[in-house]
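One structure below.
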Amino acid sequence: MNYTRSDLVQADAAMNQMRNAIYHLIRFMKKENVKDVKMRLQRIGKNIASTYSRYWLPKSAITKENLDIILKEIYSSIFKSKINLEVDFGKNILKIVDNKCCLCKYNYPDIDIPGCEVLQGFLPNFIDILNKKHPNEKIISVKPKEVSRSRAIGDSHCVQEFYINEK
């Protein structure tokens, strides 16, 4: 059976394959002594955002007022995950707490870089694309900070942190 990319956006199995591929890729890069594994994973996420955004985007840009709603919609629609947000506009930090991160479903004792590092590249690019589609004077953008916790490396949940900027 031949699937289009549009068909795959609707498929649940695609995330399982993505997760498996990421951890095989991380192991391969470590074996080959690749030094910039995190940066490469972020670049993969950025490229996925560019492709995925052609098939689905939320209906409005991200602002301070709808940040919670839009990010929950993105994570629910794309990653089938319910998240909690911790936002500190004073320190310009956004923390996304994900108890069931689809990229870190299992603990991998041999892995020290979590798969959700991909989201450090995905989310900033996806938000930039979304904001360009829906221009607004007071949009929110994010930049990667770190994955501070991950189920893949033994934590009970994943925490992806971003620098946040209101333009």
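For the numbers below, each heavy atom of this structure counts, side chains included, while hydrogens, waters and symmetry mates do not.
Clustering ILVMFWY residues whenever any of their side-chain heavy atoms sit less than 4.5 angstrom apart, transitively, puts Leu71 in the very cluster that holds Trp56. Hydrophobic cluster membership is shared by Ile44 and Ile22, with clusters built from Ile, Leu, Val, Met, Phe, Trp and Tyr side chains linked at under 4.5 angstrom. Residues Val37 and Met39 are members of separate hydrophobic clusters, defined by side-chain heavy-atom contacts under 4.5 angstrom among Ile, Leu, Val, Met, Phe, Trp and Tyr. Cluster membership check: Ile48 shares its hydrophobic cluster with Ile113, using side-chain heavy-atom separations under 4.5 Å among Ile, Leu, Val, Met, Phe, Trp and Tyr. Residue Ile164 is not grouped with residue Ile139 when hydrophobic side chains (ILVMFWY) are merged at heavy-atom distances under 4.5 angstrom, including chains of intermediate members.
A donor-acceptor pair under 3.5 Å links the side-chain atoms of Arg19 to the main chain of Cys102, judged by distance alone. Within the 3.5 Å criterion, the main-chain N or O of Lys105 finds a donor-acceptor partner in the side chain of Arg151. Side chain of Asn131 to main chain of Ile62: a donor-acceptor pair is present (N/O by atom type, distance under 3.5 Å, no hydrogens or angles). Checked by atom type and distance alone, the side chain of Gln120 pairs as donor or acceptor with a backbone atom of Glu146 at under 3.5 Å. Panel note: side chain Asp155, backbone His157; no donor-acceptor pair is recorded below 3.5 Å. A donor-acceptor pair under 3.5 Å is absent between the side-chain atoms of Tyr52 and the main chain of Leu57, judged by distance alone. Between the Gln160 side chain and the Ser150 main chain, no donor and acceptor come within less than 3.5 Å of each other.
The only option from Ile83, Leu85, Ile70 that meets the side chain to side chain contact (heavy atoms under 4.5 Å, CB included) definition with Tyr75 turns out to be Ile83.
Smallest separation of non-hydrogen atoms from Ala152 and Asn107: O-OD1, 3.1 Å. Annotation for Phe162 and Pro144: closest pair CD2-CA, 4.0 Å, computed over non-hydrogen atoms. Among all heavy-atom pairs drawn from His134 and Lys59, the shortest one is CE1-O, 3.2 Å. Between Cys104 and Gly115, the shortest heavy-atom contact is SG-N, 3.8 Å.
Partners of Phe122 according to the ring pair (Phe, Tyr, Trp, His ring centres under 6.0 Å) rule, which considers only residues two or more places apart in sequence or in another chain, are Phe79, Phe126. Residues that satisfy the side-chain hydrogen bond (donor to acceptor under 3.5 Å, both in side chains) test with Lys138, not counting sequence neighbours, are absent from this structure.
Of the inter-residue distances, the one linking Asp128 atom CG with Ser141 atom OG reads 6.0 Å to the nearest 0.5 angstrom. Of the inter-residue distances, the one linking Arg43 atom CZ with Asn125 atom CG reads 13.0 Å to the nearest 0.5 angstrom. To the nearest 0.5 Å, atoms NZ (Lys72) and CD1 (Ile96) are separated by 11.0 Å. Considering OG of Ser50 and CD1 of Ile129, their distance stands at 4.0 Å, rounded to 0.5 Å. Here the straight-line distance linking atom CD1 of Ile69 with atom CG of Asn66 works out to 6.5 Å at 0.5 Å rounding. The OG atom of Ser60 sits 7.5 Å away from the CD atom of Glu73 when rounded to the nearest 0.5 Å.
By the 6.0 Å contact criterion, CZ on Phe28 is open, its count of non-hydrogen atoms from other residues, nucleotides or ligands being 12 or less. Within 6.0 Å of NZ on Lys38 lie no more than 12 heavy atoms contributed by other residues, nucleotides or ligands.
Looking at heavy atoms from C-beta onward, Leu119 lies out of side-chain contact with Val147 at the 4.5 angstrom threshold. Considering only heavy atoms from C-beta on, Tyr108 stays 4.5 Å or farther from Ile153 through its side chain. Using a 4.5 Å heavy-atom cutoff, the side chains of Leu103 and Pro114 are not in contact. Considering only heavy atoms from C-beta on, Phe89 comes within 4.5 Å of Ile140 through its side chain.
Sorted by first and then second residue, the side chain to side chain donor-acceptor pair (under 3.5 Å) pairs with a member in residues 90-104 read Ser81-Asp98; sequence neighbours excluded.
Taking 4.0 Å as the cut-off between side-chain N and carboxylate O, Lys30 and Asp110 do not count as a salt-bridged pair.
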